[in-house]
Amino acid sequence: MLARRAELIERRRIVPGEIRCIDYYYVTVPDKPGEGSRILTALYEAGINLLGVSAFPHGARKSQLDLVPEDSAAFTKAAKTAGLTLSKKKSGFLIQGEDRPGAVAEIAGKLLHANINITSVQAFCAGSGRYGGMLWVKPPDMRKAAKALGVSQSTVAATRDIVDEASEESFPASDAPSWTQGHSCVDSPPNKHLWRRDQCSSENLQ
């Protein structure tokens with residue numbers, strides 16, 4: 001019975017559709033209605049396409065909005081025009097593939113075997129049998145993680161300047177909000193804030 005179960009699991013193993021490095025930036029805004037809409041509308045009107053957005057409370061009456069642009073150069077130009085104060089460019093991974101049981105667990109397992117701790121991961125069903133998500137590790141682990149995940153080293157080299165490797169910054173890119181203290185991943189913040197961060201996990205996904 002166990003051998004049969006192992007065989008079935010092995011048959012379902014499929015290499016993720018795509019894992020690649022991404023650039024992202026964050027902005028800090030007042031924690032009040034309309035701030036997210038203001039920023040996202042300005043970027044939309046500038047023709048900016050975002051691969052991902054995440055927002056959560058950050059300090060007293062503030063929220064942090066993380067933005068993952070498809071085109072970093074166009075994004076930074078549009079952000080400047082909109083009067084946004086961006087963080088330094090950061091890095092992470094975009095994951096996409098077939099929506100199936102264990103898809104994210106397989107990715108987490110590869111990092112486990114490489115002895116890499118996951119700072120944060122968000123993954124969601126995208127419909128049509130697909131899923132997508134974002135994954136972060138500590139800046140000094142980026143190259144090692146890319147190798148473990150089969151990501152082209154050239155894309156990692158191209159993003160080498162986007163993090164301060166002497167820094168402990170990761171996702172969230174700034175100091176963690178008070179409700180994250182003592183946790184290996186970020187729990188959902190109170191409903192009263194601008195957004196809810198609905199999913200988070202760490203190496204416990206394995």
Side-chain angles (χ1 to χ4, degrees), residues 16 18-29 50-59 62-76 79-80 84-96 104-124 132-187 189 197 199-206:
E18 183 180 16
I19 304 177
R20 60 189 174 98
C21 288
I22 52 174
D23 297 339
Y24 76 97
Y25 306 76
Y26 71 85
V27 295
T28 302
V29 298
L50 297 174
L51 301 176
V53 178
S54 180
F56 46 90
H58 173 63
K62 296 287 186 180
S63 288
Q64 180 173 308
L65 178 61
D66 291 349
L67 303 164
V68 185
E70 184 175 49
D71 183 333
S72 291
F75 169 79
T76 54
K80 182 177 181 180
L84 302 180
T85 302
L86 298 178
S87 69
K88 292 182 180 180
K89 191 163 38 172
K90 309 292 179 178
S91 64
F93 295 99
L94 176 70
I95 57 176
Q96 298 169 303
V104 179
E106 289 181 15
I107 295 172
K110 291 180 180 180
L111 296 177
L112 166 66
H113 292 308
N115 196 32
I116 298 171
N117 187 52
I118 298 173
T119 302
S120 179
V121 60
Q122 296 174 302
F124 304 91
M134 298 179 287
L135 181 149
W136 291 265
V137 299
K138 291 293 185 182
D141 290 331
M142 276 294 295
R143 286 183 177 274
K144 187 177 178 182
K147 183 177 180 179
L149 296 174
V151 177
S152 170
Q153 291 298 306
S154 62
T155 64
V156 180
T159 62
R160 185 169 179 79
D161 66 328
I162 68 182
V163 294
D164 175 4
E165 295 199 3
S167 169
E168 287 299 313
E169 287 194 358
S170 57
F171 182 86
S174 61
D175 295 335
S178 60
W179 43 264
T180 70
Q181 300 303 318
H183 297 277
S184 60
C185 69
V186 181
D187 302 319
R197 191 173 179 189
Q199 290 194 8
C200 173
S201 185
S202 62
E203 65 273 28
N204 295 329
L205 286 169
Q206 299 134 13

Margin query: I'd like to know whether F93 forms a side-chain contact (heavy atoms from CB on, under 4.5 Å) with M142, so could you lay out the CA-CA distance, the side-chain angles of the two residues, the decisive distance to 0.1 Å, and finally the verdict.
Written below: CA-CA 9 Å; F93 295 99; M142 276 294 295; 3.7 Å; yes
Next item on the list: Indicate yes or no: at least one non-hydrogen side-chain atom of I107 is less than 4.5 angstrom from one of L149.
Entry: yes
Check: Do any N or O atoms from the side chain of D141 and from the backbone of K144 form a donor-acceptor pair under 3.5 angstrom?
Finding: no
Item checked: Set of residues satisfying side chain to side chain donor-acceptor pair (under 3.5 Å) with respect to T85, sequence neighbours excluded -> none
Next item on the list: Please round to the nearest 0.5 Å and tell me the distance separating atom CG of L94 and atom CD1 of I22.
Entry: 5.5 Å
Next item on the list: Supply the atom-to-atom distance Y24 OH to S91 OG, rounded to the nearest 0.5 angstrom.
Entry: 7.0 Å
Note to self: Side chains of S54 and Q122, heavy atoms from C-beta outward: is any pair under 4.5 Å?
What the structure shows: yes
Check: Can you name the closest pair of heavy atoms from A79 and L86 and give their distance?
Finding: CB-CD1, 3.6 Å
Note to self: Whether the side chain of T28 engages the backbone of Q64 through a donor-acceptor N/O pair (distance < 3.5 Å, no angle test) should be reported.
What the structure shows: no
Note to self: Go through it in stages, so that I can follow the logic: the residues are S120 and L135, the test is side-chain contact (heavy atoms from CB on, under 4.5 Å), and I'd like the CA-CA distance, side-chain angles, deciding distance and then a yes or no.
What the structure shows: CA-CA 6 Å; S120 179; L135 181 149; over 6 Å; no
Checklist line | Gap between atom CG of L51 and atom CZ of R20 - 0.5 Å precision | finding: 5.5 Å
Check: Are V68 and V53 close enough that some pair of their side-chain heavy atoms sits under 4.5 Å apart?
Finding: no
Notebook entry, point to check: If you round to the nearest 0.5 Å, how far is OG of S72 from CG of L67?
Noted result: 11.0 Å
Margin query: Do V151 and C21 have side chains that approach each other closer than 4.5 Å (heavy atoms only, starting at C-beta)?
Written below: yes
Checklist line | Heavy-atom pair with the smallest gap, counting every atom of A114 and A148 | finding: CB-CB, 3.8 Å
Next item on the list: Name the orientation class of the two ring planes belonging to Y25 and F75 (parallel below 30°, tilted from 30 to 60°, perpendicular beyond 60°).
Entry: tilted
Note to self: Side chains of I95 and M134, heavy atoms from C-beta outward: is any pair under 4.5 Å?
What the structure shows: no
